[in-house]
Amino acid sequence: MAEKPKLIVTRKLPDAVEAQMAANFDAELNGDDTPLGRSELAAAFGRADVIVPTVSDVIDAEIIGHAGPNLKLLANFGVGVNHIDLDAARAKGIAVTNTPDVLTEDTADLAMALILMAARRLGEGERMLRGGGWTGWAPTQHLGRRVNGAKLGIIGMGRIGAALGRRARGFGMGVHYHNRGPVEAGLAAELAATYWDDLDAMIGAVDILSVNCPLSPETHHLLSAERLALLQPHAFVVNASRGGIIDEAALADALKSGAIAGAGLDVFEGEPAVHASLLGLENVVLLPHLGSATLDGRIDMGMRAMANVEAFLAGETPPDLL
Ligand code: 8YV
């Protein structure tokens with residue numbers, strides 16, 4: 001019998017996913033979920049046929065340079081691939097796939113949760129109660145801002161942006177968006193969405209700004225100090241995409257000075273490090289990259305990664321080839 005392909009998974013995945021991997025491959029799983037150091041990652045590149053990495057692996061040209069002759073596929077567990085040097089992979093003849101669609105709804109839920117948490121000051125309220133500081137209801141305690149009727153500006157109207165737009169409509173918000181171009185007419189009509197070609201103009205006009213575009217060299221620090229300064233003082237910023245799209249130091253300054261009202265962040269430029277000045281601010285919600293963190297979603301992501309691996313090894317074009 002031919003040997004099974006060697007599949008190396010860099011992190012612990014849900015049991016159902018690992019069981020399928022162990023059944024179908026010579027799978028090296030990560031039982032205790034200790035992230036691989038650079039030398040371990042390089043060694044894994046040297047002996048694998050397929051690697052299933054995640055956002056916590058930095059796969060740059062140097063790591064890709066360690067790929068052995070058998071490594072032909074990086075089947076990323078996750079939709080964002082900014083942690084992988086795609087050009088270096090291509091140059092080395094290594095295909096890369098991701099897991100779109102299956103995490104769209106969960107991530108949009110998380111973005112909506114950030115909006116509600118920030119605008120209604122829910123984290124502040126919970127911290128006060130748990131800290132023993134609640135002395136009873138008061139008419140002017142922890143007053144947030146109404147989201148019903150607010151203008152939401154979505155940067156990046158892809159799958160997740162559109163799913164957030166649907167939620168926002170349900171909460172009575174107006175949907176505005178900036179994108180490479182207008183979305184198709186059916187979606188624009190469904191969301192009653194207003195397209196802004198000029199990002200700066202949209203930023204100045206909205207009450208809540210949500211980052212939903214991928215991180216790339218073009219979107220790195222897209223929300224710079226200059227752009228953040230365009231926001232209205234009552235505005236909120238939320239990010240469930242990638243931390244590097246916002247200049248975190250500039251955001252912290254704007255939150256601290258009151259130039260904007262608040263923010264909700266699920267992602268950070270130097271994860272797991274969080275800009276020190278954000279940690280001390282009350283008007284920012286800070287979550288540990290929970291966007292797709294449902295058991296259902298993580299199983300679906302694993303199965304989607306497996307579908308890509310199986311198609312690739314069968315000589316077919318994987319459904320999510322980048
Ligand atoms: C994933 C994410 O959990 O898919 C993405 O891009 O940001 C997260 O939801 C993570 O990337 C796993 O690799």
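Both ligands and their constituent atoms are indexed starting at 1 by order of listing. What you see is a predicted model, and the numbers here were worked out from it, not measured in a lab.
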Student: With side-chain contact (heavy atoms from CB on, under 4.5 Å) as the test, pick out the partner of Leu74 among Val81, Val52, Ile94.
Tutor: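 That would be Ile94.
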
Student: Let me have the donor-acceptor pairs involving side chains of residues 142-152, under 3.5 Å, with sequence neighbours excluded, atom names and distances please.
Tutor:
from, atom 1, to, atom 2, distance (Å)
Asn148, ND2, Phe171, O, 3.4

Student: For residues 252-260, which side-chain donor-acceptor pairs fall under 3.5 Å, sequence neighbours excluded?
Tutor:
from, atom 1, to, atom 2, distance (Å)
Ser257, OG, Asp253, O, 3.1
Ser257, OG, Ala254, O, 3.4
Ser257, OG, Ala259, N, 3.3

Student: With sequence neighbours excluded, what pairs up with Glu124 under the salt bridge (charged side-chain N to carboxylate O under 4.0 Å, His left out) test?
Tutor: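 Arg121.
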
Student: To the nearest 0.5 Å, what is the distance between CG (Asp109) and OG (Ser292)?
Tutor: 11.5 Å

Student: Can a side-chain donor-acceptor contact be found between Ser224 and Asp247 if the only test is distance below 3.5 angstrom?
Tutor: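 No.
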
Student: Ligand 1: which residues have a non-hydrogen atom closer than 4.0 Å?
Tutor: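 Within 4.0 Å of ligand 1, protein side: Thr54, Val55, Phe77, Gly78, Val79, Gly80, Leu103, Arg242, His289, Ser292, Arg298, Met301.
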
